Undergrad: 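Below you will find the structure I want to go over with you.
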Amino acid sequence: GQVVAQTKPDHIIAFGNWIEIISPLDNTQSGVPKALHLVLVAQIQLPSFQLARKSPSIKWSTISESQKETFNEFVRWLRENGAKFPDLYFKCYSRDVRGVHTRRRIPPYQQIIAIPLKCIITDQTGRNTPLGRRLEAVSHKLTVPNHCQVIVYMMTTRKMGSRSFYAPYYKTLPYSFDNFPIFWTAEELKKLEGSDLVRQIKDRKRNIRNDYETIRETLGRDFEFTFEEFLWCRTAVGSRNFSIVVDGEKRTAMVPMADMLNHYRPRQTSWTFDNSQGCFTMTSLKMLGPRVQVMDSYVVFCFCFFLMYS
């Protein structure tokens, strides 16, 4: 996705497939690499900024027919399985960037999304499988055991193609996460020399590699995936999961549709798992105008955090 930080109405800092920065610090005559400008921005306190994902107005007509069908199938799958979002629709801005928009004006404190538990993938979903039970035996060796349960479940069921119940959801996940630092090349990372972000990237890749090797050793031929495939899924889960409480138990969850809401501060919505409905629900916190993008909040973090995880 793309994250933008607005420091002033006429200054935008944007992170896309590679770093593009337009800010008071960006001087094209200075000879300072753009990546270094990002580090400078991350290390100072900017006056009242807001974080949001950039949402250019691109109509469905600019999106491929196959992508249209992918999202139409996804909507059908959600509705057939009890999901409710009557006042919302999707908008695709590019192959891997999308958002959720309102069909009409929505008043404050109205439930706008309800996704049944059967459509949600949690760490318990993974633990309920034979592979998940084997993985649980080595959970103490894993950096993020709950994430790994979700990852293994997603990778093995995604391999099933259309035979998987979650196939319509899997098809909507981004094709690439190459805007995330863990996918940057050595040449690109050189532009960040002197920043602690380089160490963070190395530590994160090492932890992910260790989890991958532990899973491979534990599951053997039942988990014949490359590290690159694992890294893709680890990034999808790490950047899109929700922490919810189901029947008193904290769960790491992949929530279809809800994970497509982009980030903005102050938050416009709140979310929870409503056990009485058996659904993940999202509620408006303010008046939302018609045909506008609906935003979630990923809480307040530094720029480095958004680069690593968003």
Side-chain angles (χ1 to χ4, degrees), residues 1-3 50-53 55 71 74-75 77-79 81-91 97-126 144 146-147 149-150 153-154 166 168-170 172-174 235-301 305-306 309-310:
Q2 288 185 311
V3 179
Q50 295 176 324
L51 288 172
R53 288 199 176 178
S55 54
F71 276 86
F74 177 56
V75 169
W77 174 75
L78 285 172
R79 288 176 174 161
N81 287 286
K84 298 177 181 179
F85 44 98
D87 298 326
L88 304 178
Y89 69 97
F90 298 110
K91 181 177 283 190
V97 184
R98 68 291 301 265
V100 177
H101 289 244
T102 58
R103 293 184 181 278
R104 55 188 63 84
R105 189 179 303 277
I106 297 175
Y109 309 111
Q110 176 173 304
Q111 182 173 297
I112 57 175
I113 291 177
I115 307 296
L117 184 59
K118 68 180 294 186
C119 295
I120 299 171
I121 302 172
T122 73
D123 54 289
Q124 190 59 42
T125 309
V144 281
N146 285 357
H147 283 53
Q149 286 285 358
V150 174
Y153 182 85
M154 286 181 61
Y166 295 100
Y169 170 53
Y170 292 155
T172 68
L173 293 174
T235 307
V237 173
S239 63
R240 306 173 76 84
N241 78 90
F242 291 83
S243 181
I244 61 177
V245 178
V246 181
D247 295 329
E249 297 291 334
K250 188 175 180 179
R251 298 296 178 206
T252 295
M254 295 292 282
V255 186
M257 184 174 182
D259 63 1
M260 292 188 191
L261 269 73
N262 296 317
H263 174 86
Y264 185 80
R265 292 287 298 178
R267 63 180 183 157
Q268 300 177 341
T269 57
S270 65
W271 52 264
T272 188
F273 186 85
D274 187 331
N275 285 282
S276 66
Q277 297 184 57
C279 292
F280 174 98
T281 63
M282 189 167 282
T283 302
S284 62
L285 294 179
K286 56 175 289 187
M287 178 71 73
L288 301 173
R291 303 287 174 175
V292 299
Q293 185 173 181
V294 183
M295 305 292 222
D296 185 18
S297 172
Y298 307 160
V299 193
V300 177
F301 293 106
F305 178 91
F306 280 102
Y309 299 97
S310 298

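Note that these values count all heavy atoms, side chains included, but never hydrogens, waters or copies made by symmetry. Treat the numbers as computed from the prediction; the structure is a model and nothing was measured.
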Undergrad: About how many Å separate NE2 of His101 and CZ of Arg291, when rounded to the nearest 0.5 Å?
TA: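 If we round to the nearest 0.5 Å, Arg291:CZ and His101:NE2 are 10.0 Å apart.
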Undergrad: Looking only at heavy atoms, which two atoms of Asn81 and Lys118 are closest? And how far apart?
TA: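 Here Asn81 and Lys118 meet closest at OD1-NZ, 3.0 Å.
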Undergrad: Do Met254 and Tyr166 make a side-chain contact, defined as non-hydrogen atoms from C-beta onward lying under 4.5 Å apart?
TA: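 Heavy-atom side-chain distance check fails, nothing below 4.5 Å.
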Undergrad: Quick one: do Gln110 and Asp87 satisfy side-chain hydrogen bond (donor to acceptor under 3.5 Å, both in side chains)? Show the steps, please.
TA: CA-CA 11 Å; Gln110 176 173 304; Asp87 298 326; 3.1 Å; yes
Undergrad: I'd like to know whether Trp77 forms a side-chain contact (heavy atoms from CB on, under 4.5 Å) with Cys119, so could you lay out the CA-CA distance, the side-chain angles of the two residues, the decisive distance to 0.1 Å, and finally the verdict.
TA: CA-CA 9 Å; Trp77 174 75; Cys119 295; 3.9 Å; yes
Undergrad: Rounded to the nearest 0.5 Å, what's the gap from CG on Asn275 to OG1 on Thr281? Could you check?
TA: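 OG1 of Thr281 is found 10.0 Å from CG of Asn275.
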Undergrad: Does Thr252 offer a backbone N or O that forms a donor-acceptor pair with the side chain of Asp123 under 3.5 Å?
TA: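 Judged by distance alone, yes, a pair lies under 3.5 Å.
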Undergrad: Can you find a heavy atom in the side chain of Leu78 that is under 4.5 Å from one in the side chain of Phe85?
TA: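 Leu78 reaches Phe85 side chain to side chain.
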Undergrad: Looking at every non-hydrogen atom in both residues, tell me the closest pair between Ile106 and Thr102 and how far apart they are.
TA: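 Nearest heavy atoms, Ile106 then Thr102: CD1-CG2, 3.7 Å.
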Undergrad: What I'd like to find out is whether the side chain of Gln149 reaches to under 4.5 Å of the side chain of Gln124, using heavy atoms alone.
TA: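 Gln149 does not reach Gln124 side chain to side chain.
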Undergrad: After noting the C-alpha distance and the side-chain angles of Val75 and Tyr89, does the key distance pass the side-chain contact (heavy atoms from CB on, under 4.5 Å) rule?
TA: CA-CA 9 Å; Val75 169; Tyr89 69 97; over 6 Å; no
Undergrad: CD1 of Ile244 to OG1 of Thr122: how many Å apart, nearest 0.5 Å?
TA: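 Separation between the atoms: 7.0 Å.
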Undergrad: Identify the two heavy atoms, one from Leu173 and one from Asp259, that lie closest to each other, and give their separation to 0.1 Å.
TA: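 Closest approach of Leu173 to Asp259, heavy atoms only: CD2-OD2, 4.4 Å.
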Undergrad: Would you say the side chain of Ile121 lies within less than 4.5 Å of the side chain of Tyr170, judging by non-hydrogen atoms?
TA: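 Yes. Closest side-chain heavy atoms under 4.5 Å.
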Undergrad: Quick one: are Ile120 and Arg251 in side-chain contact, heavy atoms under 4.5 Å?
TA: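 Counting from C-beta outward, Ile120 and Arg251 never come under 4.5 Å.
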Undergrad: If you look at every heavy atom in Ala258 and Met282, which pair is closest and at what distance?
TA: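 Ala258 and Met282 have their closest heavy atoms at CB-CE, 4.4 Å.
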Undergrad: Would you confirm whether Ser284, through its side chain, and Pro107, through its main-chain N or O, come within 3.5 Å as a donor-acceptor pair?
TA: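 Yes.
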Undergrad: Taking the side chain as every heavy atom from C-beta outward, state whether Phe242 and Asp296 have any pair of such atoms under 4.5 Å apart.
TA: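 Result yes, sub-4.5 Å side-chain heavy-atom pair found.
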Undergrad: Before you tell me yes or no, could you show the steps for Tyr264 and Gln293 under side-chain contact (heavy atoms from CB on, under 4.5 Å), namely the whole-Å CA-CA distance, both residues' side-chain angles and the distance that decides it to 0.1 Å?
TA: CA-CA 10 Å; Tyr264 185 80; Gln293 185 173 181; over 6 Å; no
Undergrad: Nearest 0.5 angstrom please: Leu117 CG to Phe280 CZ, how far?
TA: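 If I round to the nearest 0.5 Å, the distance is 12.0 Å.
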Undergrad: Can you confirm whether Leu261 sits close enough to Ile113 that some side-chain heavy atom of one is under 4.5 Å from a side-chain heavy atom of the other?
TA: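 Side-chain contact under 4.5 Å: yes.
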Undergrad: Does any N or O in the side chain of Arg105 come within less than 3.5 Å of the main-chain N or O of Gly289, such that one atom is a donor and the other an acceptor?
TA: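 Not confirmed, Arg105 side chain does not pair with Gly289 backbone.
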Undergrad: Tell me the closest heavy-atom pair linking Met257 and Ile115, and the distance in Å.
TA: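 Of all heavy-atom pairs spanning Met257 and Ile115, the closest is CB-CD1, 4.3 Å.
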Undergrad: Answer whether the closest heavy-atom distance between the side chains of Gln277 and Gln111 falls below 4.5 Å.
TA: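 Of all side-chain heavy-atom pairs linking Gln111 with Gln277, at least one is under 4.5 Å.
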Undergrad: Closest heavy-atom contact between Asn262 and Gly99?
TA: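 Closest pair (atom of Asn262, atom of Gly99, distance): ND2-CA, 3.8 Å.
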Undergrad: Between OG of Ser243 and CZ of Phe273, what distance do you get to the nearest 0.5 Å?
TA: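 One finds 13.0 Å between OG of Ser243 and CZ of Phe273.
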